[in-house]
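Both counts, for ligands and for their atoms, begin at 1 and track the order of listing.
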Amino acid sequence: GSFYEQYHPLEEIYSWINKISHEHPDMLEIILIGSSFEKRPLYVLKLTGRRNSPKRAMWIDCGIHSREWISPAFCIWFVQNAIDSYNKNPEITQMLDNMEIYVLPVMNADGYVYTWTTRRMWRKNRSRYEGNNCVGTDLNRNFDAGWCTKGASHDPCDNTYCGPYPESEPEVSAVAKFLREKKDSMKLYFTIHSYGQMLLFPYSYSYNQAPNHDELQHLADEATQKIQRYYRTRYSSGPGATTIYLAPGGSDDWAYDLGIKYSFTIELRDTGRYGFLLPPQLIQPTCLEVLTAIKTITSHVIKNT
Ligand SMILES: Nc1ncc(C[C@H](C[SeH])C(=O)O)cc1Cl
Ligand SMILES: [Zn+2]
Ligand SMILES: [Zn+2]
Ligand SMILES: [Zn+2]
């Protein structure tokens with residue numbers, strides 16, 4: 001199948017980032033936002049239409065957890081699809097003409113390489129701290145949002161190790177710094193994970209409802225109903241704490257408390273048959289159904305901000 005129906009090692013993703021940006025300099029710009037613990041570059045693709053400069057921005061990050069290979073595959077597919085659909089699909093055209101879209105294809109670069117070279121089921125990054133017997137921090141427990149309360153671990157050997165302090169991880173501090181700088185124009189945050197087929201929104205660090213809980217629930221229901229109608233796939237929707245589990249330090253909660261009032265974690269396919277080892281043939285159908293959800297949410301945000 002095509003490039004977009006296969007999983008790729010990090011080097012190939014970097015080459016793709018370079019290639020597609022050079023092919024579409026009018027719509028894509030590469031931004032280096034920082035580097036990983038092992039000094040690999042963290043590239044963000046800034047995707048815009050060719051018309052007026054939009055006043056709003058949205059963010060999509062992929063690959064926070066390295067074993068969730070479908071996640072970077074989605075970010076890559078999304079960028080290519082958006083470029084191909086611009087001026088052809090009305091919803092994509094509206095999206096690009098109203099939003100600057102910042103896409104981070106592989107946030108956990110070191111972990112991703114490690115899943116290709118050493119351990120396929122690795123989740124965390126590859127940071128090492130003096131005196132710690134184990135390697136890696138869970139980047140989705142390292143954000144400064146209820147940091148290291150119930151649902152994360154202070155044990156460096158745990159898969160939910162929160163790190164020595166909030167934003168200790170270079171990958172997290174790079175993303176947090178970038179989003180803080182853009183917080184006035186940033187209206188919508190997506191972080192892409194697998195697996196479980198869920199559309200989650202704040203909070204995960206507490207059972208308290210977010211101030212705009214009803215609006216977020218309405219949006220998430222609208223989006224998952226669209227997926228069900230067009231693709232027959234079932235995605236659940238709700239606050240993280242009650243829909244998946246109580247867990248602190250996540251990027252969506254942090255983005256929400258920063259002021260990005262539309263903040264979602266999307267758990268892609270499947271529900272356990274293949275789990276993190278989703279076959280490449282399922283990349284395309286997964287991306288198509290999730291794009292429907294993203295279009296629904298984005299058009300609502302454009303109308304309401
Ligand atoms: N704020 C959050 N939002 C979503 C999740 C679920 C993901 C699923 Se892989 C995780 O465990 O990090 C976890 C947290 Cl802490
Ligand atoms: Zn390849
Ligand atoms: Zn994850
Ligand atoms: Zn709506």
Point to revise | Sub-4.0 Å atoms of ligand 1 with respect to non-hydrogen atoms of D253 | key: 1 (N)
Review point. Is the shortest heavy-atom distance from the side chain of E167 to the side chain of F143 under 4.5 Å?
Key: no
Review point. Which atoms of ligand 1 are found less than 4.0 Å from any heavy atom of H193?
Key: 9 (Se)
Review point. Under the 6.0 Å and 45° cation-pi test, does K261 pair with Y256?
Key: yes
Check your understanding: At a 4.0 Å threshold, what atoms of ligand 1 neighbour a non-hydrogen atom of G250?
Key -> 1 (N), 15 (Cl)
Check your understanding: Can you list the ligand 1 atoms lying under 4.0 Å from a non-hydrogen atom of P248?
Key -> 15 (Cl)
Review point. Listed by chain and number, what are the side chain to side chain donor-acceptor pair (under 3.5 Å) partners of Y114, not counting sequence neighbours?
Key: none
Check your understanding: Does ligand 1 have any atom that is closer than 4.0 Å to a heavy atom of Y203?
Key -> no
Check your understanding: Below 4.5 Å, heavy atoms only, C-beta onward: do C162 and H154 meet side chain to side chain?
Key -> yes
Review point. Are a donor atom and an acceptor atom from the side chains of S168 and N142 found within less than 3.5 Å of each other?
Key: yes
Point to revise | Row check, W116 ring normal vs R119 NZ/CZ: under 6.0 Å, within 45° | key: no
Point to revise | Listed protein N/O/S atoms, distance to the Zn ion (ligand 3) under 2.8 Å | key: H65 ND1, E68 OE1, E68 OE2, H193 ND1
Practice item. Considering heavy atoms of the protein only, find what lies nearest to atom 9 (Se) of ligand 1 and give residue, atom and distance to 0.1 Å. Key: E68 OE2, 3.2 Å
Review point. Near T265, which atoms of ligand 1 are under 4.0 Å from a heavy atom of that residue?
Key: 3 (N), 4 (C)
Point to revise | Numbered atoms of ligand 1 (with element) below 4.0 Å of H65, judged on heavy atoms | key: 9 (Se), 10 (C), 12 (O)
**Study point:** N125 and D110, any side-chain heavy atoms less than 4.5 Å apart
**Key:** no
Review point. Judged by non-hydrogen atoms, does P202 sit under 4.0 Å from ligand 1?
Key: no
Practice item. Start with the C-alpha gap between Y189 and F264, add the side-chain angles, then the distance that decides, and say whether ring-ring contact (aromatic ring centres under 6.0 Å, His included) holds. Key: CA-CA 6 Å; Y189 177 87; F264 298 89; 9.6 Å; no
Practice item. Check the angle between the aromatic planes of H8 and F3 and answer parallel, tilted or perpendicular using the 30° and 60° thresholds. Key: parallel
Review point. If you round to the nearest 0.5 Å, how far is CD1 of I302 from CE of M58?
Key: 8.0 Å
Revision key, fill the gap. protein heavy-atom neighbour closest to atom 5 (C) of ligand 1 works out as N140 ND2, 3.7 Å
**Study point:** Verdict with supporting geometry, R141 and E169, salt bridge (charged side-chain N to carboxylate O under 4.0 Å, His left out)
**Key:** CA-CA 10 Å; R141 300 295 181 281; E169 306 310 298; over 6 Å; no
Review point. To which protein heavy atom is atom 11 (O) of ligand 1 closest, and what is the distance rounded to 0.1 Å?
Key: Y245 OH, 2.6 Å
Check your understanding: Can you tell which part of S204 has a heavy atom less than 4.0 Å from ligand 1: side chain, backbone, both or neither?
Key -> side chain
**Study point:** ligand 1-proximal atoms of A152, by part, heavy-atom distance under 4.0 Å
**Key:** neither
Point to revise | Beyond-backbone contact of N159 with K124, side-chain heavy atoms, under 4.5 angstrom | key: yes
Practice item. With heavy atoms under 4.0 Å as the rule, classify the contact between M198 and ligand 1 as side chain, backbone, both or neither. Key: neither
Practice item. Using distance alone, with no hydrogens and no angle criterion, decide if R56 and T305 have a side-chain donor and acceptor under 3.5 Å apart. Key: yes
